[in-house]
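Lettering follows sequence order; numbering is per chain, from 1. Atoms considered below: every heavy atom in the structure, side chains included; atoms not considered: hydrogens, waters and symmetry mates.
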Amino acid sequence: MKKHLITSALPYVNGLPHLGHLIGCLLPSDVFARYLRSRGEEVLYICGTDEHGTPSEVGAAKENMSVEDYCKKYHDLHVQMYQGFNLSFDYFGRTSSQQNEEIVYRIYNELEQNGYIAEKVTKQVYSSDDKRYLPDSYVMGTCPHCGYEKAKGDQCENCTKVLDPTDLIQPRSVISGSDKLEIRETKHLFLQLPKLEKELADWVETRKGIWPDIAYSIAKKWLKEGLQERGITRDLKWGFSVPKEGFEGKVFYVWFDAPIGYIGITKQWADERPSERSFEDWWLNPDNVVHTEFMGKDNIPFHTITFPATLRGTGENWTQVSMLKGMNYLNFAGGKFSKSLHRGIFLDDAIKEFPADYWRYWLIANAPESDDSNFGFEQFAMTINKDLNDVLGNFINRVLKMTTNNFGQQIPVLSQITSEEEELYETLDTLIRQYSSYMDNLDLRKAMATLREIWVSGNNYIARTEPWKVVKTDTDRAATILNTALNLIRLYANLSAPIMPQTAKQMLDLFEISQDISFPDSRMSSYLTGLKAGTAFKLSEPLFKKIMPDRVTELKAIYKEEA
RNA sequence: CGCGGGGUAGAGCAGUCCGGUAGCUUGUCAGGCUCAUAACCUGAAGGUCGUGAGGUUCAAAUCCCACCCCCGCAACCA
């Protein structure tokens with residue numbers, strides 16, 4: 001059996017993550033990791049903060065900290081928030097780690113030896129007041145086409161024309177506002193993507209029908225337009241220094257070392273227990289590892305083209321991505337979430353308002369898979385109230401109470417199975433097959449619709465069999481129905497656990513025996529008799545609380561969601 | 001003529017690849033039930049599938065053509 005390597009795109013360390021980051025890659029990858037573990041698969045789930053680059057340097061300067069301290073501070077905040085949402089990383093590392101540096105140098109040296117690295121002199125904007133080179137988007141000025149005064153050096157937001165920093169009238173630094181800019185010539189290293197194009201195109205072709213359309217078509221687009229050589233170094237201080245003569249004072253570009261970070265972070269994980277773990281087992285073992293990557297759509301080119309090309313160029317037999325899930329964007333009140341404007345719902349606020357599982361369920365059930373989707377508190381409340389509270393929560397509550405009132409707090413005896421139960425088994429066997437097939441294919445919204453149907457089938461069963469009536473005339477029959485219904489709670493816990501780990505645990509904890517999460521691998525006819533008669537259970541508060549209309553109004557005001 | 005995604009009941013979406021009486025959730029209305037959290041179960045109404053009295057076809061949401069609208073991306077923004 002192949003083992004599963006799962007990676008989530010690495011969130012940039014600068015600033016705090018919001019719901020868009022959560023649904024873009026972190027949460028779906030966690031759900032998939034938990035799902036595979038529940039099926040007994042061997043899983044290594046890796047993530048971490050992406051730390052190098054200009055935004056970190058600028059952010060640190062703003063907060064008057066060293067870049068090292070700044071990154072550490074925000075890395076820790078990320079960790080704290082992801083714990084709050086129960087993300088089950090096997091390791092959450094950092095791209096600035098010494099292990100990542102080792103891997104970056106190893107890969108760079110191999111690329112160099114194989115002739116995939118070239119030197120090239122480029123022109124860069126240098127700001128003498130900031131004492132640094134400026135990336136194109138850090139240069140601001142008046143657009144020569146439309147006169148917009150806040151055009152950036154890569155593109156004018158107003159007229160959308162693509163610009164070069166030298167096109168701008170009255171250019172100035174975004175960081176300091178200084179206009180003391182000059183164009184300097186500077187030497188950089190470039191990865192020769194064109195040399196790898198043919199090989200890459202053949203490989204991408206084999207991914208047709210396996211990757212989602214959005215990923216395949218973006219990769220094809222780049223290949224169709226022809227790959228260009230790509231700079232992999234920058235004139236910055238914060239990063240891994242370039243180990244080559246004449247490149248002193250320069251560092252590798254963040255987009256070169258960030259994806260390599262998946263490997264570097266795996267090595268961080270392995271180095272904790274070197275006697276039993278090795279990163280080679282996962283990253284230099286393509287025949288035995290299935291690698292699934294999760295990312296937002298903006299990241300797709302880097303995961304389908306540049307990173308695979310980088311690995312291929314080394315000549316080593318790296319584990320390549322097999323499955324790839326690219327997500328569209330989650331919008332808020334019709335617009336984008338924004339870190340810089342603090343627009344939207346950030347994770348620290350989200351967790352204060354509602355339990356993590358509310359967010360996890362809503363986000364997965366409404367994941368932006370085929371198109372950008374929108375977050376709104378009204379929709380959120382509706383889904384939580386209906387699906388979680390009414391359908392699932394109420395089912396558990398009615399079954400527990402009815403049983404308690406008639407048989408006490410223990411599972412009653414299962415006697416004669418009837419056609420009602422057989423019909424239920426059959427319905428569930430079909431739905432569970434469907435559910436697992438959607439999960440295997442990472443069709444998250446469809447999987448959630450099916451999970452909901454599975455919950456509904458329990459209410460349906462109770463409505464058809466009417467145990468509250470039957471108990472007056474036929475105690476054995478009522479006991480059988482409630483025994484089955486209580487077993488459904490255990491089923492629901494195990495099926496829902498990848499999405500709602502905390503709630504699932506609460507559900508299993510109702511029964512006073514220790515149980516681990518595991519996906520039902522047998523048919524319902526035997527699975528739904530798994531909890532034995534006589535097993536004690538607890539009564540608890542309802543698992544979910546409704547979100548009332550006045551609360552929705554309040555939330556919309558606090559988070560500035562326009563109607 | 002830059003590229004990609006999307007435009008299907010009030011809202012949110014599936015169906016489009018491989019043409020064949022338009023489906024799901026929510027909301028609305030009616031009925032059932034009264035074990036449970038004003039919950040649950042069943043049924044009904046609601047759509048000329050962005051536009052084109054466009055093309056192909058016995059048949060188009062689905063294939064072809066033209067156009068319109070929304071969102072995202074455009075390699076130095078992660």
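One can place CE of A:Met448 at 18 Å from C1' of B:U26, the figure rounded to the nearest angstrom. The nearest whole Å value for the distance from the OH atom in A:Tyr138 to the P atom in B:C76 is 14 Å. Remark: P of B:C73 and CD1 of A:Ile300 are 12 Å apart, rounded to the nearest angstrom. In this structure, CD of A:Glu466 is placed 11 Å from P of B:C35, rounded to the nearest angstrom. As rounded to whole Å, 11 Å separates atom C1' of B:C24 from atom OH of A:Tyr438. Atom CD1 of A:Ile305 and atom P of B:C3 are 18 Å apart (whole Å). Distance, A:Asn299 CG to B:G72 P: 17 Å, rounded to whole Å. Regarding A:Asn460, its CG atom lies at a distance of 13 Å from the C1' atom of B:G32, rounded to whole Å.
Between the side chain of A:Asp235 and the main chain of A:Thr186, no donor-acceptor pair closer than 3.5 Å is present.
For A:Met382, whose side chain is taken as the heavy atoms from C-beta onward, the closest listed nucleotide among B:G6, B:C40, B:U26 is B:U26. Of the candidate nucleotides B:C40, B:A78, B:U26, B:A78 has the atom nearest to the side chain of A:Asp50. Listed nucleotides B:C41, B:C71, B:C35 differ in distance to A:Asp372; the shortest reach to its side chain belongs to B:C71. Out of B:U26, B:A78, B:U37, the shortest distance to the side chain of A:Pro542 is found at B:U37. Nearest to the side chain of A:Trp468, among B:C35, B:U26, B:G5, sits B:C35. Side-chain atoms of A:Tyr12 lie closest to B:A78 of the nucleotides B:C40, B:G5, B:A78.
Dashed line: the shortest gap from a side-chain N or O of A:Lys446 to OP1 or OP2 of B:G15 is under 4.0 Å. At the phosphate of B:A14, OP1 or OP2 sits under 4.0 Å from a side-chain N or O atom of A:Arg445. A:Lys123 has no side-chain polar atom (N or O) that falls below the 4.0 Å cut-off from OP1 or OP2 of B:C76. Dashed line: the shortest gap from a side-chain N or O of A:Arg398 to OP1 or OP2 of B:U34 is not under 4.0 Å.
Remark: A:Glu369 does not engage A:Lys446 in a salt bridge, criterion side-chain N to carboxylate O under 4.0 Å. Salt-bridge check for A:Glu466 with A:Arg464: failed, with every basic side-chain N at 4.0 Å or more from each acidic carboxylate O.
Across all strands, A:His21 comes closer than 4.0 Å to base atoms (heavy-atom distances). Within the 4.0 angstrom heavy-atom criterion, only backbone atoms of the sugar-phosphate kind lie near A:Tyr253; the bases stay farther away. The residue A:Lys545 sits apart from the nucleic acid: no heavy atom pair falls under 4.0 Å. Nucleic acid contact class of A:Gln124 (heavy atoms, under 4.0 Å, all strands): base. Among the heavy atoms of the strands lying under 4.0 Å from A:Arg234 is at least one base atom, whether or not backbone atoms are also near. Among the protein residues, A:Asn394 comes within range of the nucleic acid bases, having at least one heavy atom under 4.0 Å from a base atom. Among the protein residues, A:Val471 comes within range of no part of the nucleic acid, since none of its heavy atoms lies under 4.0 Å from any strand. Using a 4.0 Å heavy-atom cutoff across all strands shown, A:Gly231 reaches no nucleic acid atom at all.
Using Watson-Crick or G-U wobble geometry with both donor-acceptor distances under 3.5 Å, B:A53 finds no partner in any strand shown. B:U42 and B:A30 make up a base pair, with Watson-Crick or G-U wobble contacts both under 3.5 Å. Base pairing of B:G47 is not made with any nucleotide, judged by Watson-Crick or G-U wobble geometry with both donor-acceptor distances under 3.5 Å. Pairing for B:U37 is absent, with no Watson-Crick or G-U wobble pair whose two atom distances lie under 3.5 Å. Across all strands shown, the partner of B:G4 is B:C71, judged by Watson-Crick or G-U wobble contacts whose two distances both fall under 3.5 Å.
As rounded to the nearest Å, B:U26 and B:G46 have C1' atoms that lie 14 Å from one another. B:G47 and B:G10 have their P atoms separated by 8 Å, given to the nearest Å. Rounded to the nearest Å, the gap between the P atom of B:C65 and that of B:C18 is 14 Å. The gap from the C1' atom of B:G23 to that of B:U8 amounts to 10 Å, rounded to the nearest Å. B:G6 and B:G50: their P atoms are spaced 13 Å apart (whole Å). For the C1' atom pair drawn from B:A45 and B:A30, the interatomic distance equals 10 Å after rounding to whole Å. Atom P of B:G4 sits at a distance of 26 Å from the matching atom of B:A9, rounded to the whole Å. Comparing the C1' positions of B:C64 and B:U16 gives a spacing of 14 Å, expressed to the nearest Å.
Aromatic ring pairs are classed by plane angle as parallel below 30°, tilted from 30° to 60° and perpendicular above 60°; the pair A:Tyr262 and A:His303 is tilted. Ring geometry for A:Phe240 versus A:His52: interplanar angle over 60°, hence perpendicular rather than tilted (30 to 60°). Aromatic ring orientation, A:Phe92 versus A:Tyr82: perpendicular (interplanar angle above 60°, classes split at 30° and 60°).
In terms of polar N and O atoms assigned as donor or acceptor, the side chain of A:Asn397 never comes within less than 3.5 Å of the base of B:U37 in a complementary pairing.
Sequence order on RNA chain B of the closest nucleotides to A:Lys469 and A:Arg452 puts A:Arg452 first from the 5' end. Of the two residues contacting RNA chain B, namely A:Asn389 and A:Lys386, the nearest-nucleotide position lying further toward the 5' end is that of A:Asn389.
With a 6.0 Å cutoff to the six-membered ring centre and a 45° limit on the axis angle, A:Lys325 does not count as a cation-pi contact of A:Phe294.
The ring pair (Phe, Tyr, Trp, His ring centres under 6.0 Å) test with A:Trp455 is passed by exactly one of A:Tyr435, A:Tyr461, A:Phe395, A:Tyr361: A:Tyr361.
Counting only heavy atoms from C-beta outward, the side chains of A:Val139 and A:Arg172 never approach each other to under 4.5 Å.
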